[in-house]
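A short worksheet on the structure shown next.
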Amino acid sequence: MEQKWKDLWGESIRDVEGVKQFLNLTEEEGRQMGEIMERYPVCINSYYLSLINKDDVKDPIRKMCIPDIHEFSEGGQTDTSGETENTVFQGLQHKYRQTALILSTNQCAMYCRHCFRKRMVGSNSDEIARQLPAMADYIRSHKEINNVLISGGDSFMNSNEVIEKYLQYFTEIPTLDFIRFGTRIPVVLPQRITEDEELIRILKSYNERKQIIIVTQFNHPRELTKEALAAVKTLKDAGCIIRNQTVLLKGVNDAASVMKELMNKLVSYGVIPYYIFQCRPVEGVKNQFQIPFTKGIDIIEEAKKGMNGQAKSVRFVLSHPTGKIEIAGKLTDNEVIFKYHQAKYDKDQSRIFVKKIKEEQCWLDEEV
C-alpha cells in the first residue's frame, strides 16, 4: 500500500508563510506569529489542518495547533512534573516504582500548542534516549518495574525499525507485564497507522509475546473522524489495547456537553478514557489553556451526569512533581479533596488531603 502519510508529514506547515497563507493573516499578525515560532516550533500536517473551521477564530482544533500570542505571556515552568530529577540517564525516567518512562524522540506529527514538553519537542534532543541496551539492563535489574512507557515527542514518529528494536528488547524482559506507546498519531496523522502494513505487522507479532497498550490523546469530539476511527480499528485488530488521556483545555473542551460527548464516543469506539488531566502550568501554555480547579471540577462532574458507566471510570488528575494526584471533588466552595493516585514517595501512597483553593487557582504548590 502506498504510504501517503509520509507526504502529509513531509509537506507539513513549519513556517510563518504557510500559516499566513492558510489563515489569510495580515502582515502584523504574521509578524507576531513569526516571533512565536522562533521560540516554539510549529508543525501542522494538512490532514489536521483540514479539521479546522477557518471562519471561526475560536475554533477548538485551531487553538490546539495554531500559535497564539498568549504563548509569550509571562509565567509558567519548563518542567512542571520534575522530569529532570527523575532521569536515571539520558532518555530514561524512573519516577513511579513500577514504571520506566522513555523519551524516544523529540518529533511529533503535529506540535500541540498545549504540550507539556514544549521545552524539547521539535527543537531540543538533549533528553532523547540514546542507550537502548543500557535502558534494558536497568529495567532488568529493577524487578519492581513491571511496565514501560515509550513516549516522546510521539513514539510512533520513530521508524518501524526503531519501534521493533524497542519491542525486541522489552518483550524479552520477563518482569514486564505490558509495554505502552504514548502517541497522538491516531488523532493527528491516522494514515501513519492505516497505510503502514509493516508497522501493524510488527505490533501484531510482538503483541503475541507481551501486551501492547496504545495511550493516545483525543481532546475534542471533532478529532474522532472516520480516518481516526479507522486507525483505532486497525490497532485493535492487531491486538492492541487503546486508552485515552484527555487534557482539560480552555477554549477547547471546557464545557460539560463537549466532555460528555467525547468520553461517551470514545467508549463506543473501544477507546477507554482513563485520565482527564488538569493542564500543566508550562511556560508558553499556562495563560492560554489552564482552567481553575473549582471550575474544572464543575465541568467534569456535570459531564459525568451524562456519561455511561464505562466513561465515568475516568479520573480527573494532575501530574505533580510528587505524583499523580486525583482531583476528587469539592467539600465547600474553597476546599478541594485530593488523593494520590500514584506517588513518587512511599509516604504519599493513597494519601488523601484537603486544600483551601483560591478562586482562580489552577495548580498546587510544591509542598502538598
Side-chain angles (χ1 to χ4, degrees), residues 75-103 114-121 127 138-139 142-152 180 182 215 217 243 245-249 273-287 289-297 300 313-331 334-368:
Q77 308 160 31
T78 56
D79 180 3
T80 59
S81 302
E83 292 198 313
T84 301
E85 66 184 43
N86 296 310
T87 298
V88 178
F89 49 79
Q90 184 173 331
L92 177 66
Q93 297 176 24
H94 190 188
K95 179 177 183 178
Y96 302 123
R97 177 179 173 81
Q98 296 91 349
T99 303
L101 185 149
I102 294 170
L103 299 183
H114 59 276
C115 181
F116 74 91
R117 292 193 180 120
K118 212 160 183 171
R119 67 186 187 272
M120 57 172 275
V121 168
E127 300 178 55
Y138 178 88
I139 293 165
H142 287 74
K143 300 190 183 305
E144 73 276 16
I145 296 176
N146 62 22
N147 74 97
V148 172
L149 172 57
I150 304 168
S151 185
R180 287 182 288 167
V215 181
Q217 185 193 122
R243 308 201 73 182
Q245 299 179 346
T246 291
V247 185
L248 181 61
L249 300 168
Y274 72 117
Y275 289 142
I276 297 173
F277 274 107
Q278 175 74 349
C279 184
R280 310 184 199 204
V282 175
E283 187 179 274
V285 173
K286 175 181 179 181
N287 298 311
F289 289 105
Q290 274 202 305
I291 293 169
F293 282 127
T294 52
K295 183 179 179 182
I297 291 169
I300 303 305
S313 65
V314 72
R315 297 173 187 262
F316 183 27
V317 302
L318 65 101
S319 192
H320 191 264
T322 61
K324 207 167 265 98
I325 303 174
E326 183 175 1
I327 307 163
K330 292 191 286 188
L331 276 179
N334 69 340
E335 287 187 321
V336 172
I337 306 169
F338 296 92
K339 179 181 179 180
Y340 275 93
H341 178 56
Q342 283 187 293
K344 178 178 179 179
Y345 305 112
D346 288 343
K347 66 181 179 64
D348 291 324
Q349 297 293 342
S350 300
R351 179 164 71 90
I352 298 171
F353 61 98
V354 176
K355 296 281 285 188
K356 286 190 175 181
I357 298 296
K358 297 176 183 177
E359 185 178 355
E360 296 302 311
Q361 186 172 341
C362 302
W363 203 247
L364 293 178
D365 296 333
E366 291 286 330
E367 297 297 326
V368 294

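Because only heavy atoms are used, hydrogens play no part in the values below, and waters and symmetry mates are left out as well, while side chains stay in. Numbers for residues simply follow the sequence, beginning at 1.
- The main-chain N or O of N146 is never found under 3.5 Å from a side-chain atom of E144 such that the two would form a donor-acceptor pair.
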Can I get a per-line list of side-chain donor-acceptor pairs under 3.5 Å for residues 317-331, giving both atom names and the distance, sequence neighbours left out?
unit_1	atom_1	unit_2	atom_2	d
H320	ND1	T322	N	3.2
H320	ND1	T322	OG1	2.8
H320	NE2	D365	O	2.8
T322	OG1	Y340	OH	2.7
K324	NZ	Q342	OE1	3.4
E326	OE1	R315	NH1	3.0
K330	NZ	D298	OD1	2.9
K330	NZ	D298	OD2	3.4

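- Note: K355 NZ to E335 CD = 11.5 Å, rounded to the nearest 0.5 Å.
- Taken to the nearest 0.5 Å, the CD atom of Q93 stands 5.0 Å off from the CG atom of L103.
- Contact detail for F316 and Q278: the closest heavy-atom pair is CZ-OE1, 3.5 Å.
- No side-chain donor from either of H114 and Q290 sits under 3.5 Å from a side-chain acceptor of the other.
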Working for side-chain contact (heavy atoms from CB on, under 4.5 Å), residues R351 and V368
CA-CA 10 Å; R351 179 164 71 90; V368 294; 4.1 Å; yes

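- Proximity of a side-chain donor or acceptor of N86 to a complementary backbone N or O of G82 within less than 3.5 Å is detected.
- Side-chain polar atoms of R180 and S151 form no donor-acceptor pair below 3.5 angstrom.
- Between P273 and S313, the shortest heavy-atom distance links the atoms O-OG, 4.1 Å.
- Here the shortest heavy-atom pairing between L249 and I291 reads C-CD1, 3.9 Å.
- Under the rule for a salt bridge (charged side-chain N to carboxylate O under 4.0 Å, His left out), K286 has no partner lying at least two apart in sequence or in another chain.
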Exercise. List the steps and the verdict of side-chain contact (heavy atoms from CB on, under 4.5 Å) for K95 and E85.
Key: CA-CA 9 Å; K95 179 177 183 178; E85 66 184 43; over 6 Å; no

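- Annotation: F338 is in aromatic contact with F293 [ring centroid separation under 6.0 Å].
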Residues C279, L248; criterion side-chain contact (heavy atoms from CB on, under 4.5 Å); working and verdict:
CA-CA 6 Å; C279 184; L248 181 61; 5.9 Å; no

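- Heavy atoms of other residues, nucleotides or ligands lying less than 6.0 angstrom from CD of E359 number 12 at most.
- Screening Q217, R243, H341, Q245 for a side chain to side chain donor-acceptor pair (under 3.5 Å) with Y275, the sole residue that qualifies is H341.
- Among all heavy-atom pairs drawn from E83 and T87, the shortest one is O-OG1, 2.9 Å.
- In terms of heavy-atom proximity, Q361 sits nearest to L364 at NE2-CD2, 4.2 Å.
- For the pair Y138 and L92, the minimum side-chain heavy-atom distance is below 4.5 Å.
- Between I276 atom CD1 and T246 atom OG1 the span is 6.0 Å, to the nearest 0.5 Å.
- For the pair N334/I357, no side-chain contact is recorded, criterion being any heavy-atom separation below 4.5 Å from C-beta on.
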* To do: Run the numbers on F353 and K339 for side-chain contact (heavy atoms from CB on, under 4.5 Å), then give the verdict.
  => CA-CA 6 Å; F353 61 98; K339 179 181 179 180; over 6 Å; no

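- When side chains are defined from C-beta on, V247 does not count as touching F116, because their heavy atoms never get closer than 4.5 Å.
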